[in-house]
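Atom set for the values below is all heavy atoms of this structure, side chains included, hydrogens, waters and symmetry mates excluded. All figures in this text were calculated on a predicted structure; none of them were measured in a lab.
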2 protein chains.
Amino acid sequence: MYSKDIAKLAGVSRSTVSRVVNNYSNVEEETRKKVNSIIKKYGYVPHGPARALAGKFSNIIGIFIANIKLGNEKFRVYQNVYISPFEAAIIDYADKLGYNVLALIINNDSDFNKIKKLFDSKILSGGIFLGANNNSREIFDLIKSGYKIAIIDQEKNQNRTVHNYIIVNSDNFGGAYKATRHLIDYGHTEIAHICGDMNKYSGFKRFEGYLKAMSEIKLKNKKDYITYGDFTEEGGFNCANQLLRNKVKNRITAIFSSNDTMAIGAMKALKKMKIRIPEDISIVGYDDIRIASYVSPTLTTVRSSIMEMASVATKNLINSIENKINALEYFIIPAELVIRESTTKK
Amino acid sequence: MYSKDIAKLAGVSRSTVSRVVNNYSNVEEETRKKVNSIIKKYGYVPHGPARALAGKFSNIIGIFIANIKLGNEKFRVYQNVYISPFEAAIIDYADKLGYNVLALIINNDSDFNKIKKLFDSKILSGGIFLGANNNSREIFDLIKSGYKIAIIDQEKNQNRTVHNYIIVNSDNFGGAYKATRHLIDYGHTEIAHICGDMNKYSGFKRFEGYLKAMSEIKLKNKKDYITYGDFTEEGGFNCANQLLRNKVKNRITAIFSSNDTMAIGAMKALKKMKIRIPEDISIVGYDDIRIASYVSPTLTTVRSSIMEMASVATKNLINSIENKINALEYFIIPAELVIRESTTKK
DNA sequence: TTGTAAGCGTTATCAA
DNA sequence: TTGATAACGCTTACAA
């Protein structure tokens, strides 16, 4: 069933059918009704590729998910409890706006070629990057080519030649500040930090939030309190071992970990050393991943609305596609503290 | 950069460029080399919609994920720790075969119209259903229309008019048998079962595996030992309460739950009643979701290779697209027992 | 082995 | 407000 068939049945031309399909105003109301009823009756669906070929943008956006690189372990991304909810929220939100989502997992730089091809071949009319490294040159190249891009978790960049894209971030700084401040309010002063991947915006921004809160109290030997993980459970495990093994061992009473996954790794390390949580050491994570409320003790953490981040990114991306907007748009989504069992007053 | 540009640069016609792009044999080797080098040099990518319009099938397959219906809670699917790994594995595997994946979440029957449109508009050349209900009429309608479909977790159907699709299942029966047999081997005889959604293949097949193992030992009052959950944590919680509240309370020493999520719900219920796991009651789940190794005690469960199920479905779907195969193909992926802390000898 | 030309289903331009 | 027609970029007979 094609537009010419509808045209014949309705006694109009294909152009008129096209006008109705695209909701153009220059169609008589009666004609519109007749055509629409026939379209409905026969379940006519415009041929997507033909529309695209004739100049319409596709109603498909891409979602590009950075895989976690960890040795030879493949498909690590689908163990990433933080990413999946984002993905599903974007799919669902795009669907509401009449768009479909094509998902791609980025394992390495050469995968950017695939993305470029998808854009070049006009299959995608926009895309959202999830978990990509900060200020990636490849992403900027795409933006410079005029493609519509939104990035979740990226620094607002200062590069004056790249300015037409959308950034959505959790209030990493504010959230980390709240987390650390929560420990301080509970009477802790000897608070260690497990950093995330410092190449990602969330990594260093949460670190800055921690520093801000710590600057409000007096603390010596600051450096010993800071360890460098990479957002993975193994990283958190190692950092906790390092923290508790060195000379600060007997002073630390609390840890703020840059994400939940590392916090859970740290908890495993502490349990192995027979250190009690939260009696001996309080722990705060970040992200409120699902597992956070299943570990024991349940994990105090920081949460940003995933729905909100996903919807802001998706909505604005689609808006910029449809209205051909080309401005830098920058959104920060608030973060709230979720207090559970892993923190206690000192 | 279009094929005519490549043609001009290479000093050939567009048809020849097309032949090279599509790897046809009737091209002189030297011509092919020249054209290919220019394609590479200028980063030419064929226009997807134009190819589709000219008769090629698209290299996009769909993945249709059934959402969980639970009251008013939206976007429940992205809390589904079982589905996400499947999705990512399919995306990754399709990518290896040069295909892209368009993801869609099915919330209700009317979403099947969207799926039909995606097929009708030639955007998709095949699709995989995840978590769909057994023998859904809507899915069969799609298959009857000639669209290429693979289904994960569906009964091999007896309907003689629908036979040209792919089914991939975990060995639910064998896995459930192993799980129950494991409890029996540990000396348990009073083994209860928490059923999953009996509208799904996995639900009733796992139940049958349990029955098979139980039939090998003598047991009275069989009916009291069986409760009906729905694969959700709440369901497992309620079933455990029901089991431990009624008259069989003091006899049951073990529970086999049809999935991990319900097993975790059951564990919560037992903890609330101060029943020790595994000392008082042993528990086995199914699926080996990530949380299973984070709860305490860690959960004994049954695992099928997600990678294998995803790759079998994806590979065979794409094969049937490219070779226009139209046969019913039925695959069963083996399941293995993973013994952890939640089961002990009686 | 290669080129010419028609055709895929839609939208956009122009004229009526 | 409508219809005829060209154009979108590719593939594919058919002819050479």
Side chain of [X] (C-beta onward), nearest among [options]:
X: S3(A); options: dT10(C), dT11(C), dT11(D); result: dT10(C)
X: S13(B); options: dT10(C), dT1(D), dT4(C); result: dT4(C)
X: A54(A); options: dC10(D), dC8(D), dT12(D); result: dC8(D)
X: T31(B); options: dT1(C), dT11(C), dG9(D); result: dT1(C)

Calculate the interatomic distance between [X] atom [atom1] and [N] atom [atom2]; express it in whole Å.
X: L53(B); N: dA7(D); atom1: CG; atom2: C1'; value: 12 Å
X: H47(B); N: dA7(D); atom1: NE2; atom2: C1'; value: 12 Å
X: F57(B); N: dC8(C); atom1: CZ; atom2: C1'; value: 16 Å
X: E30(A); N: dT1(D); atom1: CD; atom2: C1'; value: 13 Å
X: K56(B); N: dG9(C); atom1: NZ; atom2: C1'; value: 19 Å
X: R14(B); N: dA6(C); atom1: CZ; atom2: P; value: 12 Å
X: R32(A); N: dT1(D); atom1: CZ; atom2: P; value: 9 Å

[N] phosphate, OP1 or OP2: any side-chain N/O from [X] under 4.0 angstrom?
X: N26(B); N: dT2(C); value: no
X: Y44(B); N: dC10(D); value: yes
X: Y24(B); N: dT12(D); value: yes

Of K122(A), K117(A), K116(A), which meets salt bridge (charged side-chain N to carboxylate O under 4.0 Å, His left out) against D120(A)?
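The residue from K122(A), K117(A), K116(A) that satisfies salt bridge (charged side-chain N to carboxylate O under 4.0 Å, His left out) with D120(A) turns out to be K116(A).
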What orientation do F119(A) and Y147(A) show, parallel under 30°, tilted 30 to 60°, or perpendicular over 60°?
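Ring orientation of F119(A) relative to Y147(A): parallel.
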Any base atoms under 4.0 Å from V17(B), or only sugar-phosphate, or nothing? Heavy atoms, all strands.
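Result for V17(B) = nothing.
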Have a look at T16(A) and say if it touches a base, only the backbone sugar-phosphate, or nothing, with a 4.0 Å heavy-atom cut-off.
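If one applies the 4.0 Å heavy-atom cut-off, T16(A) turns out to touch the sugar-phosphate alone, with no base involved.
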Return the 5'-most residue of the pair E28(A), P49(B) with respect to DNA chain D, ranking by each residue's nearest nucleotide.
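Nearer the 5' end of the strand: E28(A).
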Less than 4.5 Å apart, any side-chain heavy atom of I63(B) and any of F129(B)?
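Sidechains of F129(B) and I63(B): no contact.
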Looking at dT4(C), does its base get a donor-acceptor pair with the side chain of S15(B) below 3.5 Å?
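For S15(B), whose side chain was compared with the base of dT4(C), there is a donor-acceptor pair (under 3.5 Å).
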Tell me whether the side-chain N or O atoms of R19(A) pair up with the base of dT11(C) as donor and acceptor below 3.5 Å, since no angle test is needed here.
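No, the side chain and the base share no sub-3.5 Å donor-acceptor pair.
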